[in-house]
Every structure is written in structure tokens, then in C-alpha cells.
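All values below were derived from every heavy atom in this structure, side-chain atoms included, with hydrogens, water molecules and symmetry-related copies excluded.
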Amino acid sequence: MYKSARHLFTLLLLLTIGYTGTGQVRPIFRRPPNFEQRAIARRSRIEQVREINLGRRLSLTASESARFWPVYRKYQDALTAIRDRRRQNSSKTHPDGQQLIAPALHSPPALLPVRKYYTAEFLKILPPDKVSEMIKAEREFQDELIKQLRERQAATNPTPPTN
């Protein structure tokens with residue numbers, strides 16, 4: 001009698017410990033299967049909104065528009081490639097932090113030749129005042145995008161008030 005009660009008590013104890021032990025395990029964050037496709041779709045939507053905003057601000061003629069948009073898309077692709085390369089270089093795959101110092105210091109200057117080249121290309125297509133307006137509109141769009149992302153992040157992660 002005591003032997004079976006002892007086995008029953010041991011079994012219940014193990015089940016209880018196992019149940020609470022598995023309840024405390026934090027789930028491992030896994031990206032959904034279509035995460036990359038959603039990121040690409042989100043990026044393309046941002047690009048579409050950027051182009052609509054830029055087109056509205058520049059008020060391009062039909063001939064300017066036909067020549068401007070292919071060059072602008074190449075410009076955006078070149079900037080994205082540089083930023084992606086910078087993001088890959090700053091990942092944690094490098095064991096030695098010293099390997100990351102030089103690329104981090106030289107990344108913004110890597111954008112400068114691309115911007116100079118495409119500014120010259122834009123000046124071949126558009127008058128200088130529209131190129132200036134384009135640069136200004138891009139900066140304002142980027143600022144607005146960052147502002148909205150911060151507001152969304154603040155809405156989803158409210159910080160508790162400090163006393």
C-alpha cells in the first residue's frame with residue numbers, strides 16, 4: 001500500500017514539475033515563412049508612395065517623366081545596394097570587431113560619389129530648381145517616414161511613466 005502511494009506521489013510530483021517547467025520556457029522567435037516576401041512588398045509600397053510624392057512635388061512633364069523615372073530607380077537601387085552592404089558588414093558574423101571599424105567609417109562617403117553621379121544625370125534631364133526640389137522632397141519624405149515609424153513603435157511599446 002505504501003509502496004504504490006509512494007510511486008503515485010512520485011509520478012504526480014514529476015508531472016507537476018514537468019508541467020510548470022515547460023510552462024516557463026520562452027518561445028524562440030522564428031520569422032514567419034513569408035517574412036522576406038512581406039518585407040519586399042512593404043519596401044515596394046514605400047517606394048511607390050515615395051514616387052507618387054516625388055512626382056507630385058516635382059510636377060514633371062511627360063517627356064521629363066519618361067526620362068527621369070528610370071534614372072531615379074537606378075539611383076535608388078544604387079543607394080539600397082550600398083546600405084545593404086553596410087548592413088551586412090555590421091552584422092554579428094564577424095568575429096573580430098576591428099574588421100567592422102573601417103567599413104563603418106567609410107560608408108557615408110561611399111554614398112557621396114553615387115549621389116554626385118546621379119545628381120549630374122538628373123541635371124541632364126531636369127532643370128536645377130527641380131533637382132533641388134527633388135533632394136529636398138526626398139529628405140522630407142525620409143524624415144516623415146522615420147517620424148511615423150517612431151510613432152508606431154511608441155504606440156506598440158509604451159514606456160511606463162517614471163516617478
Side-chain donor or acceptor of E138 paired with backbone N/O of I135 under 3.5 Å: no
Q148 side chain to Q153 side chain, donor-acceptor N/O pair below 3.5 angstrom: no
Hydrophobic cluster identity match, I46 and I82, side-chain contacts under 4.5 Å: no
Check: Y117 ring centre within less than 6.0 Å of Y75 ring centre: no
Expected output: side-chain T119 to main-chain R115 donor-acceptor under 3.5 Å: yes
E144: partners by salt bridge (Lys or Arg N to Asp or Glu O under 4.0 Å), with sequence neighbours left out: none
Side-chain donor/acceptor of R67 to backbone N/O of A62, under 3.5 Å: no
Side chain to side chain contact (heavy atoms under 4.5 Å, CB included) between L123 and Y118, worked out: CA-CA 8 Å; L123 286 170; Y118 280 101; over 6 Å; no
Residues in salt bridge (Lys or Arg N to Asp or Glu O under 4.0 Å) contact with R73, at least two apart in sequence or another chain: E51
Verdict with reasoning, Y72 to L58, per side chain to side chain contact (heavy atoms under 4.5 Å, CB included): CA-CA 13 Å; Y72 182 78; L58 294 179; over 6 Å; no
Pair K74 + E121: basic N to acidic O under 4.0 Å: no
Heavy-atom donor-acceptor pair, K130 side chain to L60 backbone, under 3.5 Å: no
Side-chain heavy-atom pair P127, E64 within 4.5 angstrom cut-off: yes
Pairwise distance CG(L11) to OG(S4) - rounded to 0.5 angstrom: 12.0 Å
NZ/NE/NH1/NH2 to OD/OE distance under 4.0 Å, R50 and E47: yes
Minimum-distance pair of heavy atoms, taken over all atoms of P70 and S65: CD-O, 4.4 Å
Minimum side-chain heavy-atom gap F68-V131 below 4.5 Å: no
Cluster link M134 to V49, ILVMFWY, side chain under 4.5 Å: no
ILVMFWY network linking F141 to L54, side-chain heavy atoms under 4.5 angstrom: no
